[in-house]
Amino acid sequence: MNPILGSALPRVGLIGISGYGNVHLQLVRYGRDRGELVIVAATVINPDEVPAEVADLRAHGTEIFSDYEAMLATHAGRLDLCLVPTGIHWHARMTIAALQVGANVLVEKPLSGVMSEVIAVQQAEQASGRFVAVGFQDYYEAGTSWLKQALLDGAIGQVETVRFCGMWPRRREYFQRNSWAGRLRQGTVDVFDSPLSNAFAHFAMLSLYFAGQTLPGVAEATLLDGELFRAHEIETFDTGVIRLRTPDAINMWFGVTHACTTAMEPEIVISGTNGSAGWRYEKEAWWSGRDGVIRRFDLPSAHGARQAMMDTVVRRLVDPAAAICTTQIAAQHTRLIEAIHAQLPIRQFPAEDVIWRGEGSQGIPEVTGLEAALRTAYGHGGLLESVEFKTEFSVNGS
């Protein structure tokens, strides 16, 4: 039963249906078409660009608004769930606004770029008596829970290291797709967009989750050192290596780049006193203990992970035991992102070491030797400056 209205189906509002908002739109339309929820309202600021989607929503009784505040005011007290798949700088303010009119919220990751906004969201969440689920989609997978429980059960002994690496090429157009991509702030709001807060944020958060020593605990890791670089014409970084340490003496390493032409799908490798474990994007979770036998759990596609997320959040409306990614869990990711930008400088790759593959908006930067260097650093948990790229390359270049 609907926890607010007492009716049979949850009432859902959606802020944004284009860009990544279209992903959330497809998820709730699927739920609607299965008779699991009702989309009562949607905010659409660009209806001329998405006429088919608007027509479909209206045909099913969805009220369309051009302003999210008007949508929330009109449906105050009558929304069970509000989806916020918007730009990073909107996450906190829209989540708070939805909580204040009595809606539970599913907000896209990251929860925010800064802890002050996270705390404000948590205060609004507590005052409203509603919940906020954060869209770290891979957290909701059954394979993730399976591996987390195995680690807590001591399957590989005491966890000693957690390393994560990923390389996804990105064209110039990736950073031209909206007003905040590649930016440190939007207006007066800190955005801190980067591979670690956006494309690879899921895996950074999962690494912290796997390093946590309780369920559903996530590690509060301290940033030790790192390197941030950019090849793209952006404010923030597109390549980074960071090293962390948890209060439980677990050493962590994250390495990512968008300045590459060859993809390395994200993977997390965990080493323990009695074995090892891992998590491979869209492939499998696994662990192997003293006996050397590898136990495996197949992971779904990205779409499957998103569907699991939506199903869990809708179930959470009536089942407090449904395990959502809470603001407390997501806060540790934001804490890390804020620390990275406070403590590490962003340096430009030397122009002579950047080769652009493709023209104009289709151009992809390839930094000479970077892909091999990042894989090497991943193998031993070191910094790029400890790896020989090529004789004339210097990470101290500006």
Side-chain angles (χ1 to χ4, degrees), residues 113 163-186 190-201 203-204 223-244 252-267 336-398:
R163 296 179 188 170
F164 145 61
C165 190
M167 292 186 275
W168 276 341
R170 288 293 185 263
R171 297 182 174 88
R172 280 194 179 99
E173 63 183 2
Y174 175 78
F175 294 103
Q176 299 168 349
R177 70 191 191 280
N178 56 46
S179 62
W180 54 268
R183 300 286 297 275
L184 294 174
R185 57 192 52 84
Q186 180 74 355
D190 289 321
V191 176
F192 295 149
D193 182 44
S194 76
L196 287 173
S197 65
N198 201 337
F200 293 112
F203 321 111
L223 177 65
L224 298 179
D225 57 16
E227 304 159 321
L228 308 179
F229 301 101
R230 61 172 169 247
H232 280 279
E233 302 98 336
I234 55 177
E235 294 178 354
T236 184
F237 62 95
D238 54 39
T239 301
V241 170
I242 62 170
R243 296 194 291 193
L244 320 166
M252 307 187 71
W253 184 97
F254 299 169
V256 295
T257 189
H258 288 324
C260 56
T261 55
T262 302
M264 173 185 172
E265 295 302 321
E267 67 174 26
L336 172 60
I337 297 303
E338 192 169 35
I340 289 171
H341 286 276
Q343 298 177 37
L344 300 177
I346 300 172
R347 293 176 283 180
Q348 191 79 33
F349 280 118
E352 63 269 24
D353 292 308
V354 180
I355 302 171
W356 284 90
R357 307 294 186 183
E359 300 295 328
S361 65
Q362 299 303 300
I364 300 174
E366 179 183 2
V367 179
T368 303
L370 174 60
E371 295 174 22
L374 192 56
R375 289 179 184 274
T376 299
Y378 176 40
H380 62 66
L383 298 177
L384 293 175
E385 64 186 0
S386 68
V387 178
E388 290 294 332
F389 275 65
K390 52 181 230 163
T391 54
E392 65 268 31
F393 180 82
S394 170
V395 295
N396 294 316
S398 59

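No side-chain heavy atom of Asp238 sits less than 4.5 Å from a side-chain heavy atom of Arg170. Put simply, the side chain of Arg171 does not reach to within 4.5 Å of the side chain of Gln176, judged on heavy atoms. Taking the side chain as every heavy atom from C-beta outward, Val367 and Thr257 never approach each other to under 4.5 Å. For the pair Tyr174/Asn198, a side-chain contact is recorded, criterion being any heavy-atom separation below 4.5 Å from C-beta on. The shortest side-chain heavy-atom distance between Arg172 and Glu233 falls under the 4.5 Å cut-off. A 4.5 Å side-chain heavy-atom check between Phe192 and Ile340 finds every atom pair outside the cut-off. Contact of the Val256 side chain with the Phe164 side chain is registered, since non-hydrogen atoms from C-beta on lie closer than 4.5 Å.
The backbone N or O of Gly379 lies less than 3.5 Å from a partner atom in the side chain of Arg163, making a donor-acceptor pair. No donor-acceptor distance shorter than 3.5 angstrom exists from the side chain of Glu366 to the backbone of Arg357, with no hydrogens or angles considered. In this structure a side-chain-to-backbone donor-acceptor pair under 3.5 Å is present from Thr236 to Asp193.
The pair Arg185-Glu235 does not meet the salt-bridge criterion, since no charged nitrogen lies less than 4.0 angstrom from a carboxylate oxygen. The pair Asp225-Arg243 meets the salt-bridge criterion, since a charged nitrogen lies less than 4.0 angstrom from a carboxylate oxygen.
Once rounded to the nearest 0.5 Å, the distance linking CG of Leu370 with CG of Leu384 reads 6.5 Å.
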